[in-house]
Amino acid sequence: MSLDTLTPAVEKMAFRHAMSRLGAAVNIITTEGPAGRAGFTASAVCSVTDSPPTLLVCLNRSASVYPVFRENMQLCVNTLAAGHEALSTLFGGKTPMTERFSAAEWSTAVTGSPVLSGAVASFDCRITQIVSVGTHDTLFCEVVGIVRNDDTHGLMWFDRGYHPLMRQEA
Ligand SMILES: NC(=O)c1ccc[n+]([C@@H]2O[C@H](COP(=O)([O-])OP(=O)(O)OC[C@H]3O[C@@H](n4cnc5c(N)ncnc54)[C@H](O)[C@@H]3O)[C@@H](O)[C@H]2O)c1
Ligand SMILES: Cc1cc2c(cc1C)N(C[C@H](O)[C@H](O)[C@H](O)COP(=O)(O)O)c1[nH]c(=O)[nH]c(=O)c1N2
């Protein structure tokens, strides 16, 4: 089926269906600052450059957390480990923020953002640029601190479900 014969509505669903085949790490993105504390689940996260170390995070502007991230301009990317499936679902739904954070243990990064205990890795970041594309803002995030955990297995989001990813050394 050719893409240019599809109506825009069908094209969006075809895009999502095909995207469900791209496995991705699952992350809880957190922030704390003048606008308060917030966190959400994101799979749209990737490395941009190592000079300076920079990640990007895509955030839907219609999310309730959006104004908090936009005002705080700092965040922590907490990459989830096997066993974090329920926590990921909690931060991916419409659950009140206090309930999301009370389900896990956190420490505080240099920027003030919450760092998830037991995450595979946590990247403490300052947001340096924002580019809007369609429904989402792409947040370019310069990394100012890292916490790594070498004792946990990874977690993938693939085919609309969670899949643990085993590390050989863990
Ligand atoms: N990038 C995102 O914003 C994104 C990514 C994954 C999941 N989600 C949210 O979780 C829900 C469940 O996702 P699912 O994977 O079970 O099924 P789905 O069919 O809704 O999505 C399949 C895939 O399409 C992409 N996608 C989904 N919604 C998107 C959006 N608004 N913008 C850009 N890409 C998008 C993601 O890669 C996702 O894994 C989605 O409906 C969405 O609300 C959003
Ligand atoms: C596995 C998975 C992956 C993602 C999401 C969900 C799930 C379950 N969600 C949706 C996001 O987490 C959800 O909308 C949050 O609850 C934030 O919305 P509210 O703050 O509750 O409005 C999401 N949203 C987003 O803006 N960018 C993303 O990359 C993702 N990725």
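For reference, positions follow the sequence shown, starting with 1. Whatever order the structure lists them in is the order used to number ligands and atoms, beginning at 1. Computed over heavy atoms, backbone and side chain alike; hydrogens, waters and symmetry mates excluded.
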*With Thr111 via side chain to side chain donor-acceptor pair (under 3.5 Å) - residues at least two apart*: Ser113, Asp124

*Sequence neighbours left out, what passes salt bridge (Lys or Arg N to Asp or Glu O under 4.0 Å) with Arg37? Give chain and number order.*
Glu32

_Validation row: Asn78, Thr30 side chains within 4.5 angstrom (heavy atoms)_ = yes

*ligand 2 contact on Cys58 by region, counting heavy-atom pairs under 4.0 Å*: backbone

*asked:* Checking a contact table here: which protein heavy atom is nearest atom 15 (C) of ligand 2, and how many Å away?
replied: Phe91 O, 3.6 Å

_Under 4.0 Å, heavy-atom basis, I'd like to know which part of Arg100 is in contact with ligand 2: side chain, backbone, both or neither._
side chain

*Under 4.0 Å to a heavy atom of Ala42 - the qualifying atoms of ligand 2, by number*: 4 (C), 28 (C), 29 (O), 30 (C), 31 (N)

*Does Leu165 reach the side chain of Leu155, with side-chain heavy atoms less than 4.5 Å apart?*
no

*List the closest protein heavy-atom neighbour of atom 18 (O) of ligand 2: residue, atom name, distance to the nearest 0.1 Å.*
Ala63 CB, 3.8 Å

*In terms of atom number and element, which parts of ligand 2 are under 4.0 angstrom from non-hydrogen atoms of Gly93?*
16 (O), 21 (O)

*Considering only the protein, which heavy-atom contact is closest to atom 29 (O) of ligand 2, and what is its distance?*
Ala44 N, 2.9 Å

*Would you please indicate yes or no on a ring centroid separation below 6.0 angstrom for Phe101 and Phe91?*
yes

*Please tell me if the side chains of Arg70 and Ile130 come closer than 4.5 Å, counting only heavy atoms from C-beta onward.*
yes

*Can you pull out the closest protein heavy atom to atom 20 (O) of ligand 2? Residue, atom name and distance to 0.1 Å, please.*
Ser64 OG, 2.5 Å

*Please report which non-hydrogen protein atom sits nearest to atom 31 (N) of ligand 2, along with the residue it belongs to and the distance in Å to one decimal place.*
Ser43 N, 3.1 Å

*Residues two or more places apart in sequence or in another chain: which of them pass side chain to side chain donor-acceptor pair (under 3.5 Å) with Glu85?*
none

_Heavy atom of the protein closest to atom 5 (C) of ligand 2 (residue, atom name, distance)_ = Thr41 O, 3.3 Å

*Looking at atom 17 (C) of ligand 2, what's its closest protein heavy atom, distance included?*
Phe40 CB, 3.7 Å

*What protein heavy atom sits nearest atom 14 (O) of ligand 2, and how far off is it?*
Gly92 O, 4.4 Å

*Side chain, backbone, both or neither: which part of Tyr66 comes within less than 4.0 Å of ligand 2 when only heavy atoms are counted?*
neither

*Minimum heavy-atom distance Gly93-Arg100, with the two atoms named*: O-NH2, 2.8 Å

*Contact residues of ligand 1 with a heavy-atom cut-off of under 4.0 Å?*
Arg16, Met19, Ser20, Ser43, Ala44, His136, Trp157, Arg160

*Please tell me if the side chains of Thr108 and Pro114 come closer than 4.5 Å, counting only heavy atoms from C-beta onward.*
no

